[in-house]
Amino acid sequence: QVQLVESGGGLVQPGGSLRLSCAASGSIFNIYTMGWFRQVPGKQRELVAMITNEGRPNYAESVKGRFTISGDAAKNTVYLQMNSLAPIDTADYYCNYRDLIYDSWGQGTQVTVSS
């Protein structure tokens with residue numbers, strides 16, 4: 001089992017920034033990806049950004065140039081720095097961990113972009 005603890009999120013004005021963190025614990029494999037998905041009511045959960053344990057990132061087109069994902073492999077933690085936030089970024093954000101055995105999700109953290 002892999003457990004995920006998320007932090008960050010909240011209410012921010014358009015153009016503002018937030019930082020999400022996600023720490024994994026438990027049976028961490030040496031090859032994995034971690035990252036963030038988001039979901040709004042009535043829509044499918046969608047990829048925001050992922051990063052491999054070797055530090056290779058992958059971004060959704062809608063967040064390229066605004067969001068940056070980074071990882072601390074020693075702490076099994078990933079960070080999502082979100083800049084230039086817009087109302088369209090409002091969603092519940094979920095941390096995800098995947099390896100050859102496990103596909104684990106965090107409990108979700110709400111991000112609201114509103115003036």
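In this text the structure is predicted, and so the values were computed from the model without any measurement.
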Measuring from atom OG of S104 to atom CG of D99, what distance do you get when rounded to the nearest 0.5 angstrom?
7.5 Å

Do N96 and Y94 have a side chain donor and acceptor closer than 3.5 Å?
no

Heavy-atom side-chain proximity of Y97 to Y102 below 4.5 angstrom
yes

Distance (rounded to the nearest 0.5 Å) between K75 NZ and S25 OG
14.5 Å

Within the structure provided, determine whether T109 and L20 are in side-chain contact (heavy-atom separation under 4.5 Å).
yes

N/O donor-acceptor pair under 3.5 Å between Q39 side chain and D92 backbone
no

Do any N or O atoms from the side chain of S84 and from the backbone of G15 form a donor-acceptor pair under 3.5 angstrom?
no

Decide whether I88 and V113 are clustered together by the hydrophobic rule: side chain heavy atoms of Ile, Leu, Val, Met, Phe, Trp, Tyr closer than 4.5 Å, transitively.
no

From N76 atom CG to M34 atom CE, the distance as rounded to the nearest 0.5 Å:
7.0 Å

Does L47 belong to the same Ile/Leu/Val/Met/Phe/Trp/Tyr cluster as M82, with side-chain heavy atoms less than 4.5 Å apart forming each link?
no

With the side chain counted from C-beta on, respond yes when V63 and R38 share a heavy-atom pair under 4.5 Å apart, and no when they do not.
yes

List the atom of P14, the atom of S114, and the distance in Å for their closest heavy-atom pair.
CD-C, 3.6 Å

Close side-chain approach of T52 and Y32, heavy atoms under 4.5 Å:
no

Run the side chain to side chain contact (heavy atoms under 4.5 Å, CB included) check on S17 and V12 step by step: do they pass?
CA-CA 7 Å; S17 299; V12 64; over 6 Å; no

What verdict does the side chain to side chain contact (heavy atoms under 4.5 Å, CB included) test give for L80 and F67, after you've listed the backbone C-alpha separation in whole Å, the side-chain angles of each residue and the deciding distance to 0.1 Å?
CA-CA 7 Å; L80 184 68; F67 291 10; 4.2 Å; yes

Would you say W36 ends up clustered with L18 if hydrophobic residues are merged whenever their side chains have heavy atoms under 4.5 Å apart, either directly or through other cluster members?
yes

Looking only at heavy atoms, which two atoms of G55 and P57 are closest? And how far apart?
O-CD, 3.3 Å

I'd like to know whether W105 forms a side chain to side chain contact (heavy atoms under 4.5 Å, CB included) with D103, so could you lay out the CA-CA distance, the side-chain angles of the two residues, the decisive distance to 0.1 Å, and finally the verdict.
CA-CA 7 Å; W105 294 90; D103 183 3; 3.7 Å; yes

Rounded to the nearest 0.5 Å, the CD atom of Q3 sits from the CD1 atom of I28 at a distance of 8.0 Å

Of all the heavy-atom pairs spanning I51 and G71, show the shortest one and how long it is.
CD1-N, 3.9 Å

Between T77 and D72, do the side chains contain a donor N or O and an acceptor N or O under 3.5 Å apart?
no

In terms of heavy-atom contacts, does CD of Q107 have more than 12 from other residues, nucleotides or ligands at under 6.0 Å?
yes

In this structure, OG1 of T68 is separated from CD of Q81 (nearest 0.5 Å) by 7.0 Å

Once you round to the nearest 0.5 Å, how far does OG1 of T112 lie from CG of D89?
11.0 Å

Between M50 and V111, is there shared hydrophobic-cluster membership here, with clusters defined by ILVMFWY side-chain heavy atoms closer than 4.5 Å?
no

Is it the case that the side chain of Y59 and the backbone of I69 share a donor-acceptor pair, with hydrogens and angles ignored and the cut-off at 3.5 Å?
yes

Same cluster or not: Y79 versus L85, using hydrophobic residues (I, L, V, M, F, W, Y) connected whenever any side-chain heavy atoms lie under 4.5 Å apart?
no

Output yes when a side-chain donor or acceptor of R98 lies under 3.5 Å from a complementary backbone atom of T33, and no otherwise.
no

Correct closest heavy-atom pair for C95 and L4 would be O-CD1, 3.6 Å

